[in-house]
Amino acid sequence: MAVPSKLVLLIAVLVASCTTDTEALKHKKTHIQFYMENIVGGPKPTAVQVARRLSNYTGSDPIAAMFGSVSVMDNPLTVTPNPNSTVIGRAQGIYAMASQHNELSLLMTLTFGFISGPYNGSSFSVVGRNPVMNEVREMPIVGGTGIFRLARGYCFARTYSMYQMDMYQMDSVIGYNATILHYNVTV
Ligand SMILES: *[C@@H]1O[C@H](CO)[C@@H](O)[C@H](O)[C@H]1NC(C)=O
Ligand SMILES: *[C@@H]1O[C@H](CO)[C@@H](O)[C@H](O)[C@H]1NC(C)=O
Ligand SMILES: *[C@@H]1O[C@H](CO)[C@@H](O)[C@H](O)[C@H]1NC(C)=O
Ligand SMILES: *[C@@H]1O[C@H](CO)[C@@H](O)[C@H](O)[C@H]1NC(C)=O
């Protein structure tokens, strides 16, 4: 029985697209480390509080007092903890004080965008819980752009240094170690 030529063509196309997909779905693993400068005080803050609870807190628990505050950040990412070292990107996003009891914990929603070096123009995004007083905090990497398309991964944040600016806020330098699986997708 003769195989219809359209069917042959269809199979050829399917085989071709499968080959392409297999190639595209080979993941790469990238490890990056950098420091994030979170400056809340002084004339040029990089993180600003934009909202807090409307009702005044009357208790004595400092964590409960901070619950509900929301800040927006545009923090430089540097190669060393020194804020004057080379800036390789910016962390733009929102963090909210999301715990009422026991430990200070933030909900982080941020995108690390790179502006120089091998990742220039690419970004990856983090959404997760950040119990900031713990020595090491792990947060999930949920996606990315550019070379980090289809990213999945995790990062560890460690507070390198911090300075109390007022009763509730601190300038800090946070070290990040990120491990990212991403794919070589070009279209
Ligand atoms: C909270 O306290 C501030 C300053 O003490 C006051 O101006 C404001 O009206 C209070 N808000 C509420 C909802 O009670
Ligand atoms: C960064 O540079 C500024 C301005 O030159 C200087 O005042 C500051 O001490 C430097 N900071 C560090 C940590 O080197
Ligand atoms: C980063 O990429 C932008 C856009 O492609 C380009 O204009 C810029 O020169 C690059 N910067 C560095 C430091 O490579
Ligand atoms: C990343 O992890 C390594 C190994 O634990 C550590 O030596 C390094 O200081 C970490 N980097 C940052 C920026 O936290």
Side-chain angles (χ1 to χ4, degrees), residues 17-40 45-50 69-99 102-162 170-187:
S17 62
C18 282
T19 314
T20 315
D21 283 348
T22 311
E23 204 48 45
L25 290 177
K26 272 185 192 155
H27 75 245
K28 294 183 176 175
K29 187 171 165 185
T30 299
H31 180 254
I32 310 176
Q33 69 161 305
F34 52 80
Y35 294 83
M36 185 180 86
E37 315 285 336
N38 192 67
I39 303 153
V40 297
T46 63
V48 293
Q49 194 184 93
V50 295
S69 79
V70 177
S71 298
V72 176
M73 68 162 107
D74 183 358
N75 287 343
L77 306 177
T78 51
V79 294
T80 77
N82 186 330
N84 295 340
S85 65
T86 307
V87 173
I88 55 162
R90 308 198 70 83
Q92 298 179 332
I94 298 174
Y95 58 92
M97 299 286 186
S99 60
N102 303 328
E103 62 176 4
L104 193 54
S105 171
L106 306 180
L107 166 67
M108 311 291 290
T109 55
L110 72 160
T111 297
F112 294 103
F114 295 91
I115 56 170
S116 73
Y119 316 117
N120 187 16
S122 298
S123 71
F124 64 85
S125 297
V126 165
V127 176
R129 181 172 178 275
N130 182 3
V132 283
M133 293 306 169
N134 290 3
E135 190 183 335
V136 180
R137 292 87 68 184
E138 180 179 352
M139 288 172 275
I141 292 168
V142 297
T145 66
I147 70 164
F148 298 127
R149 281 177 188 165
L150 297 178
R152 286 181 300 140
Y154 54 92
C155 60
F156 294 109
R158 287 181 183 80
T159 303
Y160 179 82
S161 61
M162 57 185 180
M170 280 177 245
D171 276 0
S172 53
V173 177
I174 313 291
Y176 273 91
N177 258 321
T179 302
I180 308 166
L181 295 184
H182 53 99
Y183 295 86
N184 187 20
V185 184
T186 50
V187 286

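Worth knowing before you read on, the calculation uses all heavy atoms, side chains too, and leaves out hydrogens, waters and symmetry mates.
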| query | Going through the distances and angles, do L106 and R129 end up as a side chain to side chain contact (heavy atoms under 4.5 Å, CB included)? | reply | CA-CA 6 Å; L106 306 180; R129 181 172 178 275; over 6 Å; no
| task | Test side chain to side chain contact (heavy atoms under 4.5 Å, CB included) on M139 and Y176 and set out the steps. | result | CA-CA 10 Å; M139 288 172 275; Y176 273 91; 3.9 Å; yes
If you round to the nearest 0.5 Å, how far is [atom2] of [Y] from [atom1] of [X]?
| X | Y | atom1 | atom2 | value |
| --- | --- | --- | --- | --- |
| F156 | T179 | CZ | OG1 | 7.0 Å |
| T109 | N130 | OG1 | CG | 11.5 Å |
| D171 | I39 | CG | CD1 | 6.5 Å |
| Q92 | S125 | CD | OG | 10.5 Å |

Nearest non-hydrogen partners of [X] and [Y], listed with the distance:
| X | Y | answer |
| --- | --- | --- |
| A96 | V70 | CB-CG2, 4.1 Å |
| P140 | G128 | CD-CA, 4.0 Å |
| T78 | V87 | CG2-CG2, 4.0 Å |

| message | Would you say that more than 12 heavy atoms from the other residues, nucleotides or ligands in this model lie under 6.0 Å from the CD of E103, or not? | response | yes
When you compare the side chain of [Y] with that of [X], does any pair of heavy atoms fall below 4.5 Å?
| X | Y | answer |
| --- | --- | --- |
| L181 | K28 | no |
| Y183 | R152 | yes |
| C155 | V126 | yes |
| F112 | L77 | yes |
| Y119 | I88 | no |
| R90 | N75 | no |

Could you verify whether a donor N or O on one side chain and an acceptor N or O on the other, from [X] and [Y], lie under 3.5 Å apart?
| X | Y | value |
| --- | --- | --- |
| R149 | S122 | no |
| T111 | S123 | no |
| D74 | T46 | no |

| message | Check the orientation of H182 and F148. Use parallel for under 30°, tilted for 30 to 60°, and perpendicular for over 60°. | response | perpendicular
| Under 30°, 30 to 60°, or over 60°: which ring-plane class applies to F114 and F124, parallel, tilted or perpendicular? | tilted
| Is the backbone N or O of N84 less than 3.5 Å from a side-chain atom of N82, with the two atoms forming a donor-acceptor pair by type? | yes
| side chain to side chain contact (heavy atoms under 4.5 Å, CB included) evaluation trace for V40 with V48 | CA-CA 6 Å; V40 297; V48 293; over 6 Å; no
| field | Test log, rule side chain to side chain contact (heavy atoms under 4.5 Å, CB included), inputs M73 and Y95 | value | CA-CA 8 Å; M73 68 162 107; Y95 58 92; 3.6 Å; yes
| said: Using the side-chain contact (heavy atoms from CB on, under 4.5 Å) definition, which of the options I174, V173, T80 pairs with Y160? | reply: V173
| request: Test M97 against every option in S71, S69, S105 by the side-chain contact (heavy atoms from CB on, under 4.5 Å) rule and name the one that passes. | output: S69
| Which is it for T159 and S172 under the side chain to side chain donor-acceptor pair (under 3.5 Å) test, yes or no, and what are the steps along the way? | CA-CA 7 Å; T159 303; S172 53; over 6 Å; no
